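The block underneath contains the structure these notes are about, expressed in structure tokens.
Quantities reported herein were computed from a predicted structural model and do not represent experimental measurements.
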Amino acid sequence: MIVHSTDFKTNLGKYLDMLEEEDIYILRNGQPVGKLTQYTMLTDLDLLKENANAYNYNHKEISYTEFIQRYEETDERLEYIDGRVYALSSPTHTHQSIIGFLFNIFYTYFKGKTCQPFFAPYDVHFETSDYKACVQPDIFVMCDKENVIDEKYYGTPTLVVEVLSPASRTKDMLTKLNLYWREGVCEYLIVDPQNKVIHYWCFKDKEVIMQKEFNNKDTFKSNFFEGLKIDLSEMFK
């Protein structure tokens, strides 16, 4: 069906109801300016990109099973949290520089130890929880290797690091904070390159036992892994 933009704005509800029957093509001054189509899973994944507007998009939620089916058919980097699917954007130079700096520290510290650090893209499946999720932390430390099944990780990281970007700020600071808290992560570090700080949370038995901010003159010291530390002045220089 073809409608004019003025009529479309005036009768939006009517045309939304008609989407079950056909797509709506919108004209302005005789020229096509848009197409309204019925929701599909693919449309949702394409629209919900990792940017500020994505968090306000009133989309239909999908199940974890639907997400996994879709995920196995694509090469896209996707995350699934609380029924929402996020398409991850490409990292910046600064983002990758910080990841490289941190992973070198983690690799050196954990060499020869039971726990092991990993970096994205590596899916972490919270499949056994009440709120199923699948995420790709920038860096995480795995201490439960028995939860690697068929080359996929279904455990709970002990430590997680996320590096903020303008596109991921809301998700990392709110959505993922809540996710890691409730799923039993022990330490969560959010690196903010713009403000040159680390936001740190320490959890025990899913309770917050410490929340602290470290600036670019501080040295971060882990409360869980003795001797693990990060010189922020070196990381942000």
Hey, could you give me the OG1/CZ distance between T65 and R70, rounded to the nearest 0.5 Å? 15.5 Å
Would a hydrophobic clustering, with Ile, Leu, Val, Met, Phe, Trp and Tyr connected at side-chain separations under 4.5 Å, put F224 with M142? no
Could you check if a side-chain atom of Y71 sits within less than 4.5 angstrom of a side-chain atom of E76, using non-hydrogen atoms only? no
Is a salt bridge present between R84 and E79, judged by a nitrogen-to-oxygen distance below 4.0 Å? no
Would you list the pairs meeting disulfide (SG to SG under 2.5 Å) in which at least one residue belongs to residues 200-237, sequence neighbours left out? none
Is there a path of hydrophobic side-chain contacts, each under 4.5 Å between heavy atoms, that joins L102 and V124? no
Could you tell me whether F140 and Y153 have their ring centroids closer than 6.0 angstrom? yes
Go through S222 and E187 one step at a time and tell me if the side-chain hydrogen bond (donor to acceptor under 3.5 Å, both in side chains) criterion holds. CA-CA 8 Å; S222 169; E187 294 187 292; 2.7 Å; yes
Are M210 and L189 linked, directly or through other ILVMFWY residues, by side chains that come within less than 4.5 angstrom of each other? yes
Rounded distance [0.5 Å steps], CH2 in W201 versus CH2 in W181: 10.5 Å
Can you confirm whether L88 sits close enough to L78 that some side-chain heavy atom of one is under 4.5 Å from a side-chain heavy atom of the other? no
Regarding T156 and E183, is there a side-chain donor-to-acceptor distance under 3.5 Å anywhere? no
For E146, I'd like to know if atom CD has over 12 heavy atoms of other residues, nucleotides or ligands within 6.0 Å. yes
Show the numbers, then the answer: is there a side-chain hydrogen bond (donor to acceptor under 3.5 Å, both in side chains) between T94 and S97? CA-CA 5 Å; T94 298; S97 295; over 6 Å; no
Centroid separation F126 to Y131 less than 6.0 Å: no
Heavy-atom pair of closest approach, residues K145 and T114: CE-O, 3.2 Å
Are V160 and Y122 connected in the hydrophobic side-chain network, where two residues link if heavy atoms are under 4.5 Å apart? yes
Between the NZ atom in K132 and the CD atom in E127, the distance rounded to the nearest 0.5 Å is 7.0 Å
Does any non-hydrogen side-chain atom of L159 lie less than 4.5 Å from one of F225? yes
Check G155 against D144 and note the closest heavy-atom contact, atom names and distance. CA-OD2, 3.4 Å
Identify the two heavy atoms, one from S89 and one from R77, that lie closest to each other, and give their separation to 0.1 Å. O-NH1, 4.1 Å
Could you tell me the separation between the CE atom of M235 and the CD1 atom of I198, rounded to the nearest 0.5 Å? 4.0 Å
Over-ring placement of K113 relative to Y109, 6.0 Å and 45° cut-offs: yes
Mind checking what makes disulfide (SG to SG under 2.5 Å) contact with C186, not counting sequence neighbours? none
Provide the closest heavy-atom pair for K229 versus I105 in the form atom of the first, atom of the second, distance. O-CG2, 3.6 Å
Any side-chain heavy-atom pair of L164 and V191 under 4.5 Å: no
Spacing of D218 atom CG and D231 atom CG [to the nearest 0.5 Å]: 9.5 Å
Test side-chain contact (heavy atoms from CB on, under 4.5 Å) on H199 and L177; report intermediate values, then the result. CA-CA 11 Å; H199 303 282; L177 171 61; over 6 Å; no
Do F220 and F119 belong together in a cluster built from hydrophobic side chains that touch within less than 4.5 Å? yes
Would a 4.5 Å heavy-atom cut-off, applied to side chains only, mark F214 and V197 as touching? no
Is any side-chain heavy atom of V135 closer than 4.5 Å to one of K176? yes
One pair to check against side-chain contact (heavy atoms from CB on, under 4.5 Å): Y154 and V148. What are the steps and the verdict? CA-CA 6 Å; Y154 297 94; V148 177; over 6 Å; no
d(E162 CD, Y180 OH) to nearest 0.5 Å is 4.0 Å
Any non-hydrogen side-chain atom of I190 less than 4.5 Å from a side-chain atom of M173? yes
Looking at L232 and N215, what are the two nearest heavy atoms and their distance? CD2-O, 3.1 Å
In terms of side-chain geometry, is the basic nitrogen of D130 or R182 positioned less than 4.0 Å from the acidic oxygen of its partner? no
Flag side-chain contact, heavy atom, 4.5 Å: Y188 against D172: yes
Y80 and F67 aromatic ring geometry - parallel, tilted or perpendicular at 30°/60° bounds: parallel
